[in-house]
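The structure appears below as structure tokens.
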Number of protein chains: 2
Amino acid sequence: MPAFSHPRLGDVALAAALHALADPCRLAIVRRLALGGELSCSAAACHDVPKSTLSNHFKILRAAGLIRTRTAGRDHLSTLRGDEFETRFPGLLATVLAQPEETANAA
Amino acid sequence: MPAFSHPRLGDVALAAALHALADPCRLAIVRRLALGGELSCSAAACHDVPKSTLSNHFKILRAAGLIRTRTAGRDHLSTLRGDEFETRFPGLLATVLAQPEETANAA
DNA sequence: GCAACAGTTCAATAATTCGGAACTATCAAA
DNA sequence: TTTGATAGTTCCGAATTATTGAACTGTTGC
């Protein structure tokens, strides 16, 4: 794996960004990354998501310009592209992350 | 058509809301509604989207709690559920609408 | 009545997504 | 180096979702 391809944020469409965030598993990953630090694919594990699906989620997040992934041995560590994303889509990530942790069911 | 079913905002998941906004055609509809007023299905017309597709887009927006639709003769007029949506997802709609009009291509 | 129009629903097709199995690459130990 | 376990990706068939023409419902106006 000779490094990953990361889009320039200018090439990311708003629809792609929203789509990437519109998935509970991907959003959970982004939330964790927003706390800081790097996250390996396996450490991300939303409940029982298979490896291949998880790998695909990371790919989508990468394509949306949300994360940057580097290879470290056999791990692929990802970090948020927070500042860049903020520049491209001002306020978007912060607003989404500010939403209640999900459990949408008020009476 | 005995009126439409509109979810309580408390029953709308964040993922559903983001998904609804993650489509250029639907987002264009929401942008127009955000300017105020009601919009009929046919008046919404994004370029060359067929009626059935458009109808489905409205259905998705309705299910996401973004719009309310009422019947007026043979027209189905929709309005934004702006305040309710804002209460459920603080800042979300405003932030999305504040994003550049789309044409993501800087060098 | 009839014809035109606004939208929805249905059904078939197209496009995405999911996930198991196979594969690649790294690390650790002997 | 060889063996074995681990981290991730890729491949590809299955399940899900999206698209859209055609048929249908209800409305308006003649």
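Per chain, numbering begins at 1; letters A, B, ... match sequence-line order.
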Mind calculating the distance between [atom1] ([X]) and [atom2] ([N]) to the nearest angstrom?
X: B:D48; N: D:dT20; atom1: CG; atom2: P; value: 10 Å
X: A:R62; N: D:dG8; atom1: CZ; atom2: P; value: 11 Å
X: A:F58; N: D:dT9; atom1: CZ; atom2: P; value: 8 Å
X: B:L61; N: D:dA18; atom1: CG; atom2: P; value: 13 Å
X: A:R70; N: C:dT26; atom1: CZ; atom2: C1'; value: 15 Å

| request: Give a yes/no verdict on a cation-pi contact between A:R68 and A:F4, requiring under 6.0 Å between NZ or CZ and the six-membered ring centre and an angle within 45° of the axis. | output: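 No, a cation-pi geometry is absent between A:R68 and A:F4.
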Of A:G73 and A:S52, the one whose closest nucleotide on DNA chain C sits nearer the 5' end is A:S52
Provide the closest heavy-atom pair for [X] versus [Y] in the form atom of the first, atom of the second, distance.
X: A:A15; Y: B:D23; answer: CB-N, 4.5 Å
X: B:Q99; Y: A:F89; answer: OE1-CA, 3.0 Å
X: A:S78; Y: A:I67; answer: OG-CD1, 3.8 Å

Is there a donor-acceptor pair under 3.5 Å between the side chain of A:S55 and the backbone N or O of A:K51?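 Checked: no pair found.
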Worksheet item: For A:T69, does its backbone N or O pair with a side-chain atom of A:H6 as donor and acceptor, under 3.5 Å?
Response: yes
Does this structure show an ion pair linking A:R8 with A:E84, if we count only N-O contacts that are shorter than 4.0 Å?
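No salt bridge links A:R8 with A:E84.
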Exercise. Using side-chain hydrogen bond (donor to acceptor under 3.5 Å, both in side chains) as the criterion, list what pairs up with A:H19, not counting sequence neighbours.
Key: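 Per chain and number, A:H19 pairs via side-chain hydrogen bond (donor to acceptor under 3.5 Å, both in side chains) with no residue.
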In 5'-to-3' order, the base (B), backbone-only (S) or no-contact (-) status of each nucleotide in nucleotides 2-7 of chain C, using a 4.0 angstrom heavy-atom cut-off, is --BBSB
Whether each nucleotide of nucleotides 13-18 of chain C has a protein heavy atom under 4.0 Å at its base (B), only at its sugar-phosphate (S) or at neither (-) is summarised, 5' to 3', as ----SS
